[in-house]
Amino acid sequence: MAEFVTIQGLDVFAQALKILPANVARRVLRGAVASGGKVIRDEAKAKAPVFTGKVSQGHPPPGTLRRAIALGRSNRSSGPGKEVYHVFVRNAATSSKGRKVAVGGKFDAYYWRFVEFGTSKMAARPFMRPAFEVKKDEAIGAIAETIANRFPQEAEQLGWRYIKP
């Protein structure tokens, strides 16, 4: 159920990135995509509900869901000229043998999917999908702005004289 944003129309920046050395272009692209992801992550944190009632013994403290929302780079999906970042909710990890691995109680928001999608006994209170829908255009703007700012900086560090198109 993952949603992706593919940005079209950044042809000038794409051409500019091609003339940079690969490691420099990768840094610019990573920083740009991460800045777009941060916009969506921050909105998801703002929209995440916080329990205000009495917490039962053994249940996560209020605010756990909000603290567990994170942004991470996908090493598996990223590659030359392609950067993939995910906004996700941390929960207790499982090993390859299916055993729970300690992650730390303050981030174990295993229940996030019940909140996002609802259950047979609880209505959905979505926060991830609405955050994406509301902020995807702003995230694209943040990506373009970061590229526009970082490219001249990287070019200058290489000793190049950069003239904006």
Side-chain angles (χ1 to χ4, degrees), residues 1-11 13-14 17 25-79 81-96 98-151 153:
M1 185 153 242
E3 295 191 42
F4 299 93
V5 174
T6 302
I7 303 173
Q8 304 293 332
L10 295 177
D11 300 335
F13 293 125
L17 288 173
R26 186 174 55 243
R27 279 198 314 260
V28 171
L29 192 55
R30 275 187 188 173
V33 177
S35 69
K38 287 175 187 175
V39 170
I40 294 171
R41 179 204 58 201
D42 293 345
E43 182 67 12
K45 282 186 174 198
K47 287 187 175 299
V50 176
F51 183 69
T52 57
K54 186 174 188 279
V55 179
S56 304
Q57 178 82 22
H59 285 84
T64 299
L65 179 57
R66 195 169 274 180
R67 283 190 302 276
I69 297 171
L71 173 69
R73 180 178 179 270
S74 172
N75 292 330
R76 188 178 312 182
S77 300
S78 298
K82 179 180 176 184
E83 288 298 325
V84 177
Y85 279 75
H86 298 280
V87 176
F88 64 97
V89 180
R90 292 185 199 114
N91 55 351
T94 53
S95 69
S96 59
R99 293 190 206 116
K100 280 207 169 197
V101 178
V103 171
K106 67 180 183 176
F107 294 124
D108 189 6
Y110 63 89
Y111 55 89
W112 76 270
R113 60 186 54 80
F114 308 138
V115 176
E116 178 76 12
F117 300 109
T119 67
S120 62
K121 297 179 181 183
M122 180 180 90
R125 293 173 55 193
F127 59 96
M128 294 290 274
R129 293 170 292 160
F132 175 77
E133 288 301 322
V134 168
K135 292 292 185 171
K136 64 184 172 187
D137 292 333
E138 188 178 323
I140 291 168
I143 291 169
E145 183 180 332
T146 302
I147 290 173
N149 293 335
R150 291 278 308 271
F151 183 80
Q153 293 171 354

In Å, rounded to the nearest 0.5 Å, how long is the span from CG of Asn75 to CD of Glu83?
9.0 Å
Taking side-chain contact (heavy atoms from CB on, under 4.5 Å) as the test, write out the residues that go with Tyr111, two or more places apart.
Pro60, Thr64, Leu65, Ala109, Phe114, Val115
For Arg150, check salt bridge (charged side-chain N to carboxylate O under 4.0 Å, His left out) against everything at least two apart and list the hits.
Glu154
Which heavy atom of Val87 sits nearest to which heavy atom of Met128, and what is that distance?
O-CE, 3.5 Å
Which heavy atom of Thr146 sits nearest a heavy atom of Ala32, and at what distance?
CG2-CA, 3.6 Å
How long is the straight-line distance from NZ of Lys82 back to CG of Leu29, given to the nearest 0.5 Å?
11.5 Å
Between Glu116 (side chain) and Phe127 (backbone), is there a donor-acceptor pair under 3.5 Å?
yes
Indicate the atoms forming the closest heavy-atom contact of Arg66 with Ala48, along with that distance.
NH2-O, 2.6 Å
Nearest heavy-atom approach of Ala142 to Ser35 is O-OG, 3.4 Å
Salt-bridge present (Arg129, Glu133; N to O < 4.0 Å):
no
Do the side chain of Arg41 and the main chain of Ala70 share a donor and acceptor less than 3.5 angstrom apart?
no
Within a reach of under 6.0 Å around NZ of Lys38, are more than 12 heavy atoms found that belong to other residues, nucleotides or ligands?
no
Work out which heavy atom in Leu71 is nearest to a heavy atom in Phe88; give both atom names and the distance.
C-CE2, 3.9 Å
Which pair of heavy atoms, one from Ile143 and one from Gly36, lies closest together, and at what distance?
CG1-CA, 3.8 Å
